[in-house]
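One structure coming up, written as structure tokens, with questions to follow.
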Amino acid sequence: MANGKEGTDQAATRWKDEEYFYPSKEFIAQANLNNKSVFDRFALDNFPNYYAEFADLITWFKPWEKVFDSSEAPTWKWFTGGTLNVSYNCIDRHLAKNANKTAIHYVPEPMNEKTEHITYQELYVRVNEFAALLRNTAKLKRGDRVTIHMPMVAELPITMLACARLGVIHNVVFGGFSSSACADRIIDSKSRVLITMDAYYRAGKLIDHKSVDDESCQLAADGGQKVDTLLIWQRYPGKNSSPAPMVAGRDIVVQDELKKYYGARIDPEHMDSHDPLFLMYTSGTTGKPKGCQHGTGGYLSYVTAMAKYILDIQPEDVYWCTADIGWITGHSFIVYGPLALGASSIMYEGVPTYPDAGRNWRIAQDLGITIFYTAPTAIRALRKVGPDEPKKYNLKFKLIGTVGEPIEPEVWRWYYKEVGKDQAAVVDTYWQTETGGFVFCTVPGLAPMKPGSAGPGVPGIHPVLFDDEGNTLPPGSNKPAHFCIKNPWPGCFQTIWGNRDRFVNSYFGTYNRDRNSKDWRDWPYITGDTAIEAGDGYVRILGRADDVINVSGHRLGSKEIEAAALTVPEIAEAAVVAIPHEIKGAEPELYVSLKPGVVATPDIEKKVADAIVFQIGKIAKCGRIWVVPDMPKTRSGKIMRRVLLAVSTKADVGNIMTLANPEIVDAIQKMVNK
Ligand code: PRX
């Protein structure tokens, strides 16, 4: 496809179709889903009623009346008329039989700190007390938004569940995002309360976090959104681990304040199925991230079903998803899906290779983990630092999963052989912030695995692929194509917060012919990825068709990085390219040109690098920053990123004679190849 990305994450185009690997008989025998009739029930002809099966997995205060309502197409409503509460589903309903079961095993990074085993009863107590604090001290009520900027600590899901209990819409910002990124999200979501933690561990260092959020509050105020309450969890209760002073009238130390609410119980709010549960900001094609709004009944039904049928979580399993809760994977598959099922879920504070390559596997061994779910980036890193490390531990995974990026077949095979010991079922789960839960993946007890392919649609998801001209391709065409989904599903986000037009245009615009149609058939969902559908219906994801790049499984907008570079006064133009990276999958490289009259000095590069860390965070750091005399441009003035990518990857730049300034390419090449 002509998106200028060939040679980057599109490397998957060149992978050959692999052989099948079959799940073991033992796995199939115990699987939650091992009867093929599910695909008949979930045939498109039975849409939307088949999703009632998913809704039956959760507890409703008031039963829903209608599975699906398309009257506000393409904002679909699921299980209308029903009321429920997510915190009730994730906690209260388990108390009768499983009060003493561990809900969350929290593993701090320092080796000398004890793992905390939080039972469902303990979770119930802590969520209720914190909900009382949110309601009475922070004055939060149903429908309000609250921004949460916290690291991977047990207090994070407690905070989210307390919000859900009150019907407060949470907006969790990845802990590694900068103050500026956090402030943007506070402003857009109009949050007057920010919840943070004073400090956390990362690679052996106690990192000051409160200072970051002092700055977030300041920047939000500058942008017109005052934070009147900053709630600060202490990493070590009773001790302040940040040098930042408390701001009188605004700052509240949570553990001190909680003393007022010991023993408090808060009735869970009865939410309508369609009420929003949370916002999750993600990158798109513009410089500004968009707030994906997820609902309550549809979302919870969907992630619970996916945790049950694809991750195959069963009551006796111990389950570890290594994602950060600051991303959708953590929301859906550390917190909501597993806890709705009453599972035991692991949270680990730190870096998987700290203090050594075996840390990850020791945690898995010591806690008896049976299901392990991580990203290809982590697998590549673990394989690189310790290819034989898993052998040293008594690992007994029944299922291992991947998410977030295409996984190279050889990396897949290492994962299957060394981590899964040729026994575990592997699920390559393809999905997005917007989809809420998995959309393409093999059902592990029903279908063989194919390295490098996510698999066919999960039950109920029906793909459709379009060529560049908008024609549908026949199933199994084996051609790279725009990857779309024919039908709505309950996990799909509801809208972009505050920008419904952008929601409709970005996700449904291209293939919809009638904006007024209330028929779901007129609204195929656009994933934004290109993919190849093989003859067996398995889908191999090639990568993004838009300006989104995937770095270590984290989604970054090229435009966001470019916008950050442009905040440096000397910079005239900026262009990001994503180059292949052994561990991260892809890494951004940045080209910048200077305003007329500005002389290139050695500190420009640093200024740009600092601006990116300030505006977004360290995750957006560019591998190289090139200060070039000018950008290669078409005659209409468009920057030719394709040419820059070829220069960076030392590939053939192709025909450049149609450019307005072909001579610049040679000059840039000399600079890069020096
Ligand atoms: O390009 C696809 C890639 O990650 C994008 C979604 O990123 P995000 O919203 O941050 O969610 C990541 C975790 C759900 C997709 O558009 N992606 C996700 N899963 C896979 C994948 N690419 C290939 N294989 C996957 N399994």
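For ligands, and for the atoms within them, numbers begin at 1 and follow the listed sequence. When reading the values below, keep in mind they use all heavy atoms of this one structure, side chains included, and skip hydrogens, waters and symmetry mates. As the structure is a prediction and not an experimental result, all values here were calculated from the model.
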Selection from Gly436, Cys292, Gly404, Ala375 by shortest heavy-atom distance to atom 19 (N) of ligand 1: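 Heavy atom nearest to atom 19 (N) of ligand 1 belongs to Gly404.
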Restricting to pairs with a member in residues 296-306, which pass side chain to side chain donor-acceptor pair (under 3.5 Å), not counting sequence neighbours?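 For residues 296-306: Tyr299-Ser332.
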Under a 4.0 angstrom heavy-atom cut-off, which atoms of ligand 1 come close to Arg544?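 Numbered from 1, ligand 1 contributes 1 (O), 16 (O).
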Parallel, tilted or perpendicular, judged at 30° and 60°: which one describes the rings of His331 and His170?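 Because their plane-to-plane angle lies in the 30° to 60° range, the rings of His331 and His170 count as tilted.
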Would Thr282 count as a polar contact of ligand 1, with the cut-off being nitrogen or oxygen pairs under 3.5 Å?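 No; the residue has no nitrogen or oxygen that sits under 3.5 Å from a nitrogen or oxygen of the ligand.
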Asn360 pairs by side chain to side chain contact (heavy atoms under 4.5 Å, CB included) with which of Val351, Leu382, Ile369?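 Exactly one option meets the side chain to side chain contact (heavy atoms under 4.5 Å, CB included) with Asn360, and it is Leu382.
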Distance under 4.0 Å to a non-hydrogen atom of Thr329: what atoms of ligand 1 satisfy this?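 Listed by number with element: 13 (C), 14 (C).
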Val403 neighbourhood, listing ligand 1 atoms whose heavy-atom distance to it stays under 4.0 Å: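 Those of ligand 1 that fall under 4.0 Å from Val403 are 13 (C), 14 (C).
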Is there a heavy atom in Pro406 that sits closer than 4.0 Å to ligand 1?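 Pro406 counts as a contact of ligand 1 under the 4.0 Å cut-off.
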If you look only at pairs with a residue in residues 372-383, which of them pass as a salt bridge (charged side-chain N to carboxylate O under 4.0 Å, His left out), with sequence neighbours excluded?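 Residue pairs passing salt bridge (charged side-chain N to carboxylate O under 4.0 Å, His left out), neighbours aside: Arg380-Glu405, Arg380-Glu408.
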Check Glu405 against ligand 1 and report side chain, backbone, both or neither, counting heavy atoms closer than 4.0 Å.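 Just the backbone.
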Within ligand 1, which atoms have a heavy atom of Thr433 less than 4.0 Å away?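 Contacts of ligand 1 toward Thr433, numbered from 1: 8 (P), 9 (O), 10 (O), 11 (O).
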Within the 4.0 Å heavy-atom shell around Asp428, which atoms of ligand 1 are there?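 Close to Asp428: 24 (N), 25 (C), 26 (N).
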Which of the numbered atoms in ligand 1 are below 4.0 angstrom from a heavy atom of Asn550?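 It comes down to these atoms of ligand 1: 3 (C), 4 (O).
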Give a yes or no on whether a salt bridge exists between Arg641 and Asp547, defined as a side-chain N under 4.0 angstrom from a carboxylate O.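 A salt bridge is absent here (no side-chain N lies under 4.0 Å from a carboxylate O).
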Indicate, as side chain, backbone, both or neither, the part of Val548 found under 4.0 angstrom from ligand 1 when only non-hydrogen atoms are considered.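 Neither; no heavy atom under 4.0 Å.
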Can Asp317 and Lys398 be said to form a salt bridge (Lys or Arg N to Asp or Glu O under 4.0 Å), step by step? CA-CA 9 Å; Asp317 282 314; Lys398 72 166 199 189; 2.7 Å; yes
Within the structure, does Arg555 bring an N/O atom to less than 3.5 angstrom of an N/O atom in ligand 1?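 Yes, Arg555 has an N/O under 3.5 Å of an N/O on ligand 1.
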Let me see the working for Thr374 and Tyr415 under side-chain hydrogen bond (donor to acceptor under 3.5 Å, both in side chains), right down to the final yes or no. CA-CA 11 Å; Thr374 194; Tyr415 193 41; 5.9 Å; no
Can you classify the ring geometry of Trp489 versus Tyr525 as parallel (below 30°), tilted (30 to 60°) or perpendicular (above 60°)?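 Rings of Trp489 and Tyr525: perpendicular, over 60°.
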